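First comes the structure, then the notes that go with it.
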Amino acid sequence: DPAELFLMNVNEAPNAEFWFGTDSLGRDIYSIIWYGGRASIFIGLMSAAVITLIGVSYGCLSGVASGVVDSAMMRAVELLQSVPVLLSLLLILSLMGKQNELTIALVIGVTGWFALSRIVRSEVRQIRNSEYILASRCMGARFPFIMRKHLIPNFVSAILFVVISTSMAMEATLSFLGLGLPVDVLSWGSMLALADRALLLNSWWVILIPGVFLVVTLLSITSIGHYFRKRSNQGPSNL
């Protein structure tokens with residue numbers, strides 16, 4: 001049981017009984033790693049879905065709009081992006097009280113789509129005059145159809161994985177600052193929330209092991225994103 005408290009084995013280093021050691025609450029880190037990874041990955045996927053939905057829709061709309069509308073939409077994004085994301089997250093989460101996986105994912109998603117919308121807008125501006133898009137317009141296709149069939153497939157596969165890794169890292173950052181998931185909710189981020197106490201007690205395994213799993217997961221997700229980006233940059237005959 002990852003939530004079981006072994007009060008006689010608090011802050012034990014890795015050994016034959018507790019392979020990854022125990023934390024300051026006496027919980028088995030090995031069990032928490034595998035159980036808590038589900039919460040971290042859920043937050044990454046859920047917040048990435050929110051960021052992608054808002055950012056891609058807004059960026060596509062701005063990319064195909066007229067010059068005046070596009071300029072106004074981009075100025076609005078720049079104004080919102082001028083506020084540091086971490087500061088916005090801290091403000092919103094401090095007003096919401098106790099957190100859970102869904103609320104943190106939604107807050108990260110709502111405050112994290114600005115950069116993505118600018119990237120999508122730039123991509124759309126480059127491909128909006130392509131022959132296949134002009135042909136769709138001549139055939140009477142509306143904007144939702146063009147966005148779904150022609151615009152989004154060009155960039156969303158690569159961007160999505162980068163967004164997931166960023167969202168997971170943000171959840172870990174919030175937990176480390178004490179505004180993420182509560183310690184009793186098992187995730188890699190909530191494990192890192194005990195890092196300050198672990199530093200005082202010289203319990204290196206409480207910080208190092210969850211950090212290694214988090215970093216390796218983020219690198220893996222980013223590598224998948226680079227792979228899809230490389231494939232999308234190749235011609236159809238090379239796929």
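Not measured: the values here are computed from a predicted model.
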Main-chain N/O of Gly26 paired to Asp23 side chain as donor or acceptor, under 3.5 Å: yes
Indicate yes or no for a side-chain donor-acceptor contact from Ser62 to the backbone of Tyr58 under 3.5 Å, with no hydrogens or angles considered. no
Kindly write out the residues that satisfy side-chain hydrogen bond (donor to acceptor under 3.5 Å, both in side chains) with [X], not counting sequence neighbours, or none if the list is empty.
X: Glu101; result: none
X: Thr111; result: none
X: Ser117; result: none
X: Thr103; result: Gln99, Asn100

Can you list every salt bridge (charged side-chain N to carboxylate O under 4.0 Å, His left out) pair that touches residues 39-60, not counting sequence neighbours? none
Salt bridge (charged side-chain N to carboxylate O under 4.0 Å, His left out) partners of residues 63-73, not counting sequence neighbours, each pair once: Asp70-Arg121, Asp70-Arg125
Nearest heavy atoms of [X] and [Y], plus distance in Å:
X: Phe114; Y: Val110; value: CZ-O, 4.3 Å
X: Ser40; Y: Met168; value: O-CG, 3.6 Å
X: Pro210; Y: Ile207; value: CD-O, 3.6 Å
X: Ser167; Y: Ile51; value: OG-CD1, 3.8 Å

Is [Y] reachable from [X] through a run of hydrophobic residues whose side-chain heavy atoms are each under 4.5 Å from the next?
X: Ile41; Y: Ile209; answer: yes
X: Ile33; Y: Trp19; answer: yes
X: Val212; Y: Ile29; answer: yes

Could you pull out every donor-acceptor pair under 3.5 Å between side chains of residues 78-87 and any protein atom, sequence neighbours left out?
residue, atom, partner, partner atom, Å
Glu78, OE1, Arg75, NE, 3.0
Glu78, OE2, Arg75, NH2, 2.8
Gln81, OE1, Arg118, NH1, 3.2
Ser82, OG, Leu79, O, 2.5

Pairwise side-chain contact, Leu174 with Leu90, heavy-atom cut-off 4.5 Å (strictly under): yes
Taking C-beta and beyond as the side chain, do Ser71 and Val68 meet within less than 4.5 Å on heavy atoms? no
From [X] atom [atom1] to [Y] atom [atom2], the distance as rounded to the nearest 0.5 Å:
X: Ile32; Y: Arg27; atom1: CD1; atom2: CZ; answer: 4.0 Å
X: Trp113; Y: Ile119; atom1: CH2; atom2: CD1; answer: 13.0 Å
X: Leu208; Y: Phe20; atom1: CG; atom2: CZ; answer: 10.5 Å
X: Leu102; Y: Ser47; atom1: CG; atom2: OG; answer: 11.0 Å
X: Leu45; Y: Thr52; atom1: CG; atom2: OG1; answer: 10.5 Å
X: Asn9; Y: Glu17; atom1: CG; atom2: CD; answer: 5.5 Å

Just wondering, are more than 12 heavy atoms of other shown residues or ligands nearer than 6.0 Å to OH in Tyr35? no
Go through the structure and list residues passing salt bridge (Lys or Arg N to Asp or Glu O under 4.0 Å) with Arg38, not counting sequence neighbours. none
With Asp28 via salt bridge (Lys or Arg N to Asp or Glu O under 4.0 Å) - residues at least two apart: none
List the steps, then state whether side-chain contact (heavy atoms from CB on, under 4.5 Å) holds for Val69 with Met73. CA-CA 6 Å; Val69 175; Met73 294 178 70; 3.9 Å; yes
For Val215, the rest of its hydrophobic cluster, which grows through side-chain links under 4.5 angstrom: Leu219
Residues forming a ring pair (Phe, Tyr, Trp, His ring centres under 6.0 Å) with Trp204, sequence neighbours excluded: none
Can you sort out the partners of Ser203 under side chain to side chain contact (heavy atoms under 4.5 Å, CB included), two or more places apart, ordered by chain and number? Asn11, Ala198, Leu201, Trp205, Val206
Do Phe18 and Phe6 make the cut of ring centroids closer than 6.0 angstrom? yes
